[in-house]
Colleague: 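Can you keep this structure in mind? I'll have questions shortly.
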Amino acid sequence: MARKPISDLPPNLTLYVNNLNDKINVETVKKSLREVFAAFGGIVDIVAMKSLKRRGQAWIIFREVSAATNALKSLQGFPFYNKPMRINYARSKSDAVAKVDGTYVERPKKIVKREDLRKGKTAAAAPAAAPAAAPAAAKPAESAPPVSQKSIQDRIGWNPQQSVNAPKAAPPKNLGVAEPNKTLFVENLPPEATDTMLSMLFRQYPGFQEVRLIPGRNVAFVDYQNEYQAGMAMQGLQGFAMTPEVKLALSYARK
DNA sequence: AGCACA
């Protein structure tokens with residue numbers, strides 16, 4: 001049987017990423033994207049914009065297609081500012097690479113769209129509908145992503161288990177057995193794991209303080225404000241598939 | 001939802 005392709009589009013040096021959290025400042029997003037994606041290879045540039053039509057999306061331009069492919073597979077669905085990234089190959093070649101391979105042609109200047117207001121009804125379609133009348137009272141925090149204590153699957157709609165051919169879920173190891181500790185011990189990290197990547201993951205749980213990646217050992221420590229919060233994070237992320245092959249193993253750190 | 005390059 002034909003296995004389904006990793007993407008419906010042909011491999012490309014550029015990855016198209018969407019479903020990004022557009023509440024986050026675009027420069028911040030670009031920086032974080034760079035940190036996360038750079039773990040898979042050299043990055044030429046990242047394009048992201050904040051206009052209505054283009055927000056929530058980014059183009060990650062790699063130096064090698066293999067790096068792009070790896071990142072696509074490994075980071076598919078990865079919770080980035082609390083939203084699972086959707087990743088695909090870009091449909092076309094980025095200007096940045098066209099400039100390098102000599103195929104770049106100056107693209108036509110943006111055609112300034114003439115206001116075409118006579119779309120049929122003039123009155124009903126009137127765009128003048130005052131935006132002033134809606135100053136909405138309840139506006140949530142604009143930069144801080146919301147957090148809750150529900151399981152990660154419920155919140156981000158991503159079940160790492162189902163994207164994997166693993167017969168069983170990760171072993172619940174020491175859940176409830178080991179001495180609770182506000183510091184978690186994380187094992188089974190993929191070699192591409194970075195501080196940023198881990199922060200993205202663990203900061204979703206209230207009380208997150210910091211993550212300490214131990215170089216060369218594929219393990220990390222993650223601090224929360226108290227044992228209870230550490231426990232919530234541990235339950236939520238136990239067995240989390242960092243990559244299709246590698247699942248996190250979490251336990252309380254030794255005192 | 002939305003495939004850009006200013």
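By convention in this document, chain letters (A, B, ...) are assigned in the order of the sequence lines, proteins followed by strands, and residues within each chain are numbered from 1.
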Colleague: Please figure out whether A:Y104 or A:Y16 has its closest DNA chain B nucleotide nearer the 5' end.
Modeller: A:Y16
Colleague: If you define the side chain from C-beta out and look only at heavy atoms, does anything of A:L75 sit under 4.5 Å from A:I87?
Modeller: yes
Colleague: Between A:R107 and A:D95, is the side chain to side chain contact (heavy atoms under 4.5 Å, CB included) condition met? List the steps.
Modeller: CA-CA 9 Å; A:R107 68 180 63 255; A:D95 285 358; 2.6 Å; yes
Colleague: Out of B:dG2, B:dA4, B:dC3, which nucleotide sits closest to the side chain of A:S94?
Modeller: B:dA4
Colleague: Would you call A:K93 and A:D101 a salt bridge, taking side-chain N to carboxylate O under 4.0 Å as the test?
Modeller: yes
Colleague: Starting from P on B:dC3, measure out to CG on A:D45 and report it in whole angstrom.
Modeller: 20 Å
Colleague: Counting just side-chain N and O atoms, does A:R54 come under 4.0 Å of either OP1 or OP2 of B:dA6?
Modeller: no
Colleague: Below 4.0 angstrom, which residues in residues 57-66 of chain A have at least one non-hydrogen atom near DNA chain B?
Modeller: A:Q57, A:W59
Colleague: Return the set of residues passing salt bridge (Lys or Arg N to Asp or Glu O under 4.0 Å) with A:K73 (not counting sequence neighbours), or none when no residue passes.
Modeller: none
Colleague: Return the value, rounded to whole Å, for the distance between atom CD1 of A:I43 and atom P of B:dC5.
Modeller: 20 Å
Colleague: Output the rounded distance in Å from CD (A:E106) to P (B:dA4).
Modeller: 16 Å
Colleague: With sequence neighbours left out, write down each residue that passes ring-ring contact (aromatic ring centres under 6.0 Å, His included) with A:F221, or none if nothing qualifies.
Modeller: A:F185
Colleague: Whole angstrom is fine here: how far is it from CG in A:D8 over to P in B:dC3?
Modeller: 13 Å
Colleague: A:I87 CD1 to B:dG2 C1': how many Å, rounded?
Modeller: 17 Å
Colleague: Rounded off to whole Å, could you give me the CE-to-P distance for the A:M85 and B:dC3 pair?
Modeller: 19 Å
Colleague: Need one value for A:K93: base, sugar-phosphate or nothing, where a base atom within 4.0 Å counts as base even if backbone is also close, heavy atoms only.
Modeller: base
Colleague: Look at the side chain of A:T14 and the base of B:dA4, then say whether one donor and one acceptor between them are separated by less than 3.5 Å.
Modeller: no
Colleague: Assess whether side chain to side chain contact (heavy atoms under 4.5 Å, CB included) is satisfied between A:L201 and A:F240, documenting all intermediate values.
Modeller: CA-CA 10 Å; A:L201 221 43; A:F240 182 88; 3.5 Å; yes
Colleague: From NZ of A:K53 over to C1' of B:dA4, roughly how many Å is that when rounded to an integer?
Modeller: 13 Å
Colleague: Roughly, in whole Å, what's the span from CG in A:L52 to P in B:dA4?
Modeller: 15 Å
Colleague: Touch check for A:Y89, heavy atoms < 4.0 angstrom, all strands: base, sugar-phosphate only, or nothing?
Modeller: base
Colleague: First locate atom CG of A:L198, then atom CZ of A:R212, and finally report the distance between them rounded to the nearest 0.5 Å.
Modeller: 12.5 Å
Colleague: Would you indicate what A:N19 reaches in the nucleic acid, counting non-hydrogen atoms under 4.0 angstrom: base, sugar-phosphate, or nothing?
Modeller: base
Colleague: Where the side chain of A:D22 is defined as all heavy atoms beyond and including C-beta, which of B:dA1, B:dC5, B:dC3 is the nearest nucleotide?
Modeller: B:dA1
Colleague: Which part of the nucleic acid, if any, lies within contact of A:L20, taking any heavy atom under 4.0 Å across all strands shown: a base, the sugar-phosphate backbone alone, or nothing?
Modeller: nothing
